[in-house]
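Below, all heavy atoms of this structure are taken into account, side chains as well, without hydrogens, waters or symmetry copies. For ligands, and for the atoms within them, numbers begin at 1 and follow the listed sequence.
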Amino acid sequence: LLVELPIAVPDPLWQIVADSRANTQPKKIELVVGVYRDDDGHVPLFRAVHEAELVMAEAARSRPYLGLSGDYEFTRAIARLVLPSVPHENMVEFQTVAGTGALRIIAELIHVAHPSARVLVGSPSYVNHVPIIRAAGLEVVDYRHVDAAGRVDLAAILDAIDVARRGDVILLQGCCHNPTGTDLSPEQWQQIAEHLQRKGVLPFIDQAYYGLGRGLDPDLEGTRLVVAAVPEAFVAVSGSKAFGLYSERVGCALVISQSGSDLTAIRTTLENISRTSYSQPPEHGARLVSTILGDHRLRALWREELASMQRRLSALRSTFTERLRDHGFAPEAADAVGEQHGMFSMLPLTAAQMLALRTNHSVYGTNDGRINLAGLPVGRIDDLATAVVAVSTRSPTKV
Ligand SMILES: Cc1ncc(COP(=O)(O)O)c(C=O)c1O
């Protein structure tokens, strides 16, 4: 059976990670994988998580199956955090295997409900978006959502909605866009909401980086605004970045229907999908999150820790932008980097220049120009800026 199996094409991102791991030079800077690191290069454990862990250990709960929809306290807590104004009666909350699992199960649900729905995905997007949508059997419609300088191209997004068919879906990132670092303003979200409503296109919002852009509520504002304006919406929530629980695979799918559709039908469809893949979600990470969100003190501690990560990221970005300018980077390109939010930055560099960054300077980002700024030690900002300017002046940049 397996003899004829072709070798699956590996994700080029993981090849770059492997190359970086093989590079033992002390000057190396690895900025490929999207994890937040502190100045010592560690992925920090939130104190709130550690304390919740102690509470859970003390409670010494038994571990029966959670059920197909997962931990109710967790999914309710996530729904209240992300969409506090949507009544429970208008929403199906479903625990998933991280944000990726939420994206996949929502895509599968859309496919069951409306197999000919197409999903609009603005490029560049998170590398896994298009494969997930296609794996669920849905057609992807590609359009460009940023301009040449790397800023949001609202007209292009609105055009994509306007030419879509009623019942099509648009996949949007709620904040801190991966890989471009762009963010939509509340006014832009409002315009998107109006077009969605008018054209009967459904929003599918990926919320993976809330809290790391402008702050927790501002990062969730666009999602809340769009969901309030349309009859049906889908939100995929990841617990990986905002709680530092990458390996615990914490996630939640929120399916909002204010159109009077049968929520039981939505839930049983989701349950059928999960039953035939992993059956029931894991408990531990979800319980950590519900313990934090359900306790006044731990919740405040978590919010403060998240806010301090966000402040550190903004400071890193502005110092990096300043250093780029100091070293003579094109001012417009430096401004665009400075305006971005979240963990990533999209440098206006070509694939050849990104390769030069890796081979000549041991700085590892992806071929499309993305670097994970959240992985950069403060003491290496100047080295990074020097290397970026050096490769950009050797050959023309994108801008
Ligand atoms: C935009 C986006 N969505 C979803 C995910 C998936 O996150 P998770 O680790 O929770 O599966 C990621 C992870 O990098 C991401 O960047």
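- In summary, the atoms of ligand 1 found under 4.0 Å from a heavy atom of Ser238, numbered by their order in the structure, are 7 (O), 8 (P), 10 (O).
- Looking at Tyr209 against ligand 1, only its side chain comes within 4.0 Å, counting heavy atoms.
- For Asn372 and Arg37, the side-chain atoms include no donor-acceptor pair closer than 3.5 Å.
- Taking a 6.0 Å sphere around CZ of Arg151, one finds it holds more than 12 heavy atoms contributed by other residues, nucleotides or ligands.
- In this structure, Cys252 and Thr96 approach most closely via the heavy-atom pair N-OG1, 3.1 Å.
- The protein non-hydrogen atom at the shortest distance from atom 12 (C) of ligand 1 is Tyr126 CZ, 3.5 Å.
- Using a 4.5 Å heavy-atom threshold, the side chains of Leu202 and Phe234 count as touching.
- Close contacts between ligand 1 and Arg249 involve ligand atoms 8 (P), 9 (O), 11 (O) [criterion: under 4.0 Å to a heavy atom].
- Every atom of ligand 1 with a heavy atom of Gln173 under 4.0 Å away is listed here by number and element: 1 (C).
- Counting the atoms of ligand 1 from 1 in the order shown, those under 4.0 Å from a heavy atom of Lys241 are 13 (C), 14 (O).
- Between His284 and Met56 there is a side-chain heavy-atom pair separated by less than 4.5 Å.
- Taking every heavy atom of Gly99 and a limit of under 4.0 angstrom, the matching atoms of ligand 1 come to 8 (P), 10 (O), 11 (O).
- Comparing Asp206, Val237, Thr100, Val35 against atom 2 (C) of ligand 1, the shortest heavy-atom distance belongs to Asp206.
- Those atoms of ligand 1 that come under 4.0 Å of a heavy atom in Ser240, given as number and element, are 8 (P), 9 (O), 10 (O).
- The distance from atom CH2 of Trp189 to atom CG of Leu196, rounded to the nearest 0.5 Å, is 9.0 Å.
- Using modelled atom types, one finds a donor on one side chain and an acceptor on the other under 3.5 Å when comparing Arg267 with Ser69.
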